Asker: 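My questions all concern the structure below.
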Number of protein chains: 2
Amino acid sequence: MEFSPVSQQDLPRQIADQIRQAITEGSIGADERLPTEEELAKRFGVSRPTIREALKRLAAQNLIRSKRGPSGGTFVNRPDLVELGEELASSTRLLVGLNSLSPEEMIQCRLEMEQLCAGLAARNRAEADLSALESALAQQRRFIDQPEQFCRADVCFHRALVDASGNALLKLLMFAVIEGLQPVSNMIVFRYPERDLIISQHEALLSAIRAGDETAAREQIVRQVETLAAQMRRAQDESRRSRA
Amino acid sequence: MEFSPVSQQDLPRQIADQIRQAITEGSIGADERLPTEEELAKRFGVSRPTIREALKRLAAQNLIRSKRGPSGGTFVNRPDLVELGEELASSTRLLVGLNSLSPEEMIQCRLEMEQLCAGLAARNRAEADLSALESALAQQRRFIDQPEQFCRADVCFHRALVDASGNALLKLLMFAVIEGLQPVSNMIVFRYPERDLIISQHEALLSAIRAGDETAAREQIVRQVETLAAQMRRAQDESRRSRA
DNA sequence: CCCCGCTATTTGTCAAACAAATTAACAATA
DNA sequence: TATTGTTAATTTGTTTGACAAATAGCGGGG
C-alpha cells in the first residue's frame with residue numbers, strides 16, 4: 001500500500017481521497033485493517049491529528065470503522081446496502097427540507113417507480129415475499145388505532161414490496177422514495193383517519209401480486225399514490241388556509 | 001441554536017449528528033454561518049480538535065464548507081443535486097466492485113428506469129431538452145473514432161434524456177443507473193466497434209421524444225439496453241474463455 | 001480613487017501528553 | 001488441566017497549547 005506525499009492544501013481531504021481510492025480500487029479489501037494512525041502519519045508525512053481528520057471523513061461515508069486495543073485499528077467497512085439506502089433517504093429529506101425537491105416531484109417519482117416495483121414483484125415474487133407482505137399488512141390491521149406503529153408497518157409493507165422486486169439496486173434507490181417520503185406520509189397518517197382505506201388498497205395489491213397479475217398490481221399502485229397525493233394536497237390547502 | 005451536553009462515547013460523531021439535525025430541520029439555513037470552532041467547543045463542552053473532527057464528518061457529506069479569515073468560518077452548503085448524484089454513482093460502483101450488486105441487476109434496473117424516463121421525456125420535453133439531446137448526439141457522431149470522448153458524449157446523451165423527464169428526484173436516482181454503470185459501458189465502447197449502431201438507436205429515440213410518442217420512446221430504450229446487455233454477456237464470455 | 005501595508009480573525013496543522021478501551025499473556029487456584 | 005484474575009502493551013480518543021496560513025477590513029499615502 002503506497003501513499004504519495006501530499007501538498008499543502010486541505011491535507012485531510014487529500015489523504016481521505018487517496019485512502020478512498022485505494023478502497024474503491026480494491027487495494028484494501030473489506031474488513032482489512034489499515035496501518036495505525038501513527039504509521040499513516042509517518043507515511044503521509046503529516047501529524048496524527050491530520051490523519052484523524054482524514055479518517056473522520058471516511059467514517060462519515062461509512063467506508064471505515066475504528067476500534068481500540070491491541071487488535072484494534074481502522075478497518076475497511078463491508079458496504080451495506082441498507083446503510084447506503086438510509087443515507088440516501090436522509091439526503092432526500094434534506095433536499096425537501098431546503099426546498100431543492102418538491103413533494104409533488106417525490107410523489108410523481110413514487111408513482112412511477114412503485115409501479116415498476118409492483119410489476120417486477122408480480123413477476124418475480126417468492127413465497128417468502130408474500131409472507132413478508134402479509135405480515136406487514138397484519139401489523140397495519142393490528143395498529144389501525146395507533147398512528148405511530150401504523151406508519152412503521154406501512155413502511156414495512158412498502159419495503160416488502162420493493163424487496164419482492166428482487167433487484168438490489170432498486171432496493172437501494174427506493175429508500176429515497178419510501179423512507180425519504182416518510183415524514184410526509186407520517187404527517188398524513190396522523191392527520192387523516194382513512195387508515196382502513198390504506199389497508200384495503202394494500203390487500204388488493206397483495207392479491208394482484210400473489211396472482212402474478214402485473215397489470216392489476218400497477219393499477220393498485222396508481223390508486224394508492226393518487227390517494228396519497230390527494231391527501232397531501234388537502235393538507236397543503238388546510239395549511240394555506242390557516243395561514244391566511 | 002441549542003446543543004445538549006454529549007456523553008462520553010464517540011464525541012465527534014454525536015456532535016456531527018446534532019449539527020446535521022439542526023441543518024436538516026432548517027434551524028440553520030443554506031449559506032448561513034455556524035459559530036466559530038472555539039465557540040462550538042465551548043457550547044458542547046469539548047476541545048477544539050474534537051469539534052474539528054465532527055466538522056470533518058459533515059464536510060465529507062458536503063453539508064458544510066470552511067473558510068479562513070475574519071469573515072471566514074464554517075458555512076452550511078446549499079445542497080447540490082449533482083454532488084449528491086455523483087456520490088450515489090460512486091457508492092453504486094463500490095457495491096459493484098465488492099460484488100454486492102451484479103451487473104445484471106444494474107442492467108435490469110436501467111432497462112426499467114430508463115423506459116420510465118423516456119416515457120416522461122416524451123410527455124414533458126421542452127425545446128431546450130431536444131437541443132441538449134441533439135447536441136450530445138452530434139458529439140457522439142463527431143467522436144465516433146475516439147472512444148474516450150465518445151463515452152463522455154454517450155453519458156451526456158443519457159443525462160440529457162433524464163433531464164428531459166423533468167423530475168428532480170429521478171435526476172438524482174439515475175446517477176446510480178447512468179453514471180454508476182459508466183465503467184461497464186466504457187469497457188464495452190472500447191472493446192466493441194458498433195458505435196454507429198448506438199448512434200442510430202439514439203437517433204430513433206430522439207425522434208420518438210420529439211414526436212411525443214411515449215410508446216416508441218420506451219421501445220427504443222428496450223432495444224438499446226438489450227444491445228448493451230448482449231455486449232456485456234459477450235465480454236463476460238470472452239473473459240471466462242480467456243481464463244480457462 | 002487606487003494601492004499597499006498592517007492588524008485582527010478564523011481556520012489549518014503540529015507536538016506532546018494523558019485517558020479509555022481492549023486483548024493477550026502470565027500467574028494463581030481449584 | 002481448566003478457569004479466573006491481574007497486568008502490561010497497544011491502539012484509538014481527547015485535551016492543551018502553540019504556531020502557520022489565508023483573508024478581510026481599515027488606514028495612510030500617492
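Remember, it's a predicted structure, so these values are computed and weren't measured experimentally. Proteins come first, then strands; the chains are lettered A, B, ... in the order of their sequence lines, and each starts at number 1.
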Asker: Whole angstrom is fine here: how far is it from CD1 in Ile64(B) over to P in dT11(C)?
Answerer: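 Atom-to-atom, Ile64(B) to dT11(C), this comes out as 10 Å.
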Asker: Going by the angle between their ring planes, with limits at 30° and 60°, are His202(A) and His158(A) parallel, tilted or perpendicular?
Answerer: perpendicular
Asker: Lys42(B) NZ to dT15(D) C1': how many Å, rounded?
Answerer: 16 Å
Asker: Using the side-chain heavy atoms of Arg52(B), tell me which of these nucleotides is nearest: dT12(D), dT23(D), dG12(C).
Answerer: dG12(C)
Asker: At under 4.0 Å, does any side-chain N or O of Thr74(A) touch on OP1 or OP2 of dT12(D)?
Answerer: yes
Asker: How many whole angstroms separate atom CZ of Phe75(A) from atom P of dT23(C)?
Answerer: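 Roughly 10 Å, once rounded to whole Å.
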Asker: Under 4.0 Å from OP1 or OP2 of dT15(D): is there any side-chain N or O of Thr50(B) that close?
Answerer: yes
Asker: Using the closest heavy atom to pick a nucleotide of DNA chain C for each, name whichever of Glu53(A) or Gly69(A) lands nearer the 5' end.
Answerer: Glu53(A)
Asker: Both conditions, 6.0 Å and 45 degrees, for the charged tip of Arg141(A) above the ring of Phe150(A): are they met here?
Answerer: no
Asker: Nearest to the side chain of Pro70(A) - dT16(D), dT23(D), dT23(C)?
Answerer: dT23(C)
Asker: Expressed as a whole number of angstroms, how long is the span from Arg33(A):CZ to dT12(D):P?
Answerer: 6 Å
Asker: Checking only heavy atoms, does the side chain of Arg13(B) share a donor-acceptor pair with the base of dG13(D) at less than 3.5 Å?
Answerer: no
Asker: Take Pro49(B) and Glu37(B), find for each the nucleotide of DNA chain C with the closest heavy atom, and name the residue whose nucleotide sits nearer the 5' end.
Answerer: Glu37(B)
Asker: Whole Å only: how far is the CD atom of Glu39(B) from the C1' atom of dT9(C)?
Answerer: 14 Å
Asker: Can you tell me how far C1' of dA20(C) sits from CG of Leu11(B), to the nearest Å?
Answerer: 12 Å
Asker: With the side chain of Val46(B) defined as its heavy atoms from C-beta on, choose the nearest nucleotide among dC14(C), dT15(D), dT12(D).
Answerer: dT15(D)
Asker: Whether Ser71(B) contacts dT9(C) is assessed here as follows: a side-chain N or O lying under 4.0 Å from the phosphate OP1 or OP2. Is that the case?
Answerer: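 Negative; the distance criterion is not met.
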Asker: Between the base of dG17(D) and the side chain of Arg48(B), is one N or O donor paired with an acceptor at under 3.5 angstrom?
Answerer: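 By the distance-only test, no, there is no pair.
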Asker: Answer yes or no: does a side-chain N or O of Lys67(A) lie under 4.0 Å from OP1 or OP2 of dT23(C)?
Answerer: yes
Asker: Is it true that Asn167(B) and Gln108(A) share a donor-acceptor pair across their side chains at a distance under 3.5 Å?
Answerer: yes
Asker: Expressed as a whole number of angstroms, how long is the span from Arg68(B):CZ to dT11(C):P?
Answerer: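 Result: 11 Å.
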Asker: Which heavy atom of Ala16(A) sits nearest to which heavy atom of Leu58(A), and what is that distance?
Answerer: O-CD2, 3.5 Å
Asker: Please report the distance, rounded to the nearest Å, between CG in Leu40(A) and P in dT11(D).
Answerer: 12 Å
Asker: List the atom of Lys171(A), the atom of Leu81(A), and the distance in Å for their closest heavy-atom pair.
Answerer: CB-CD2, 3.9 Å
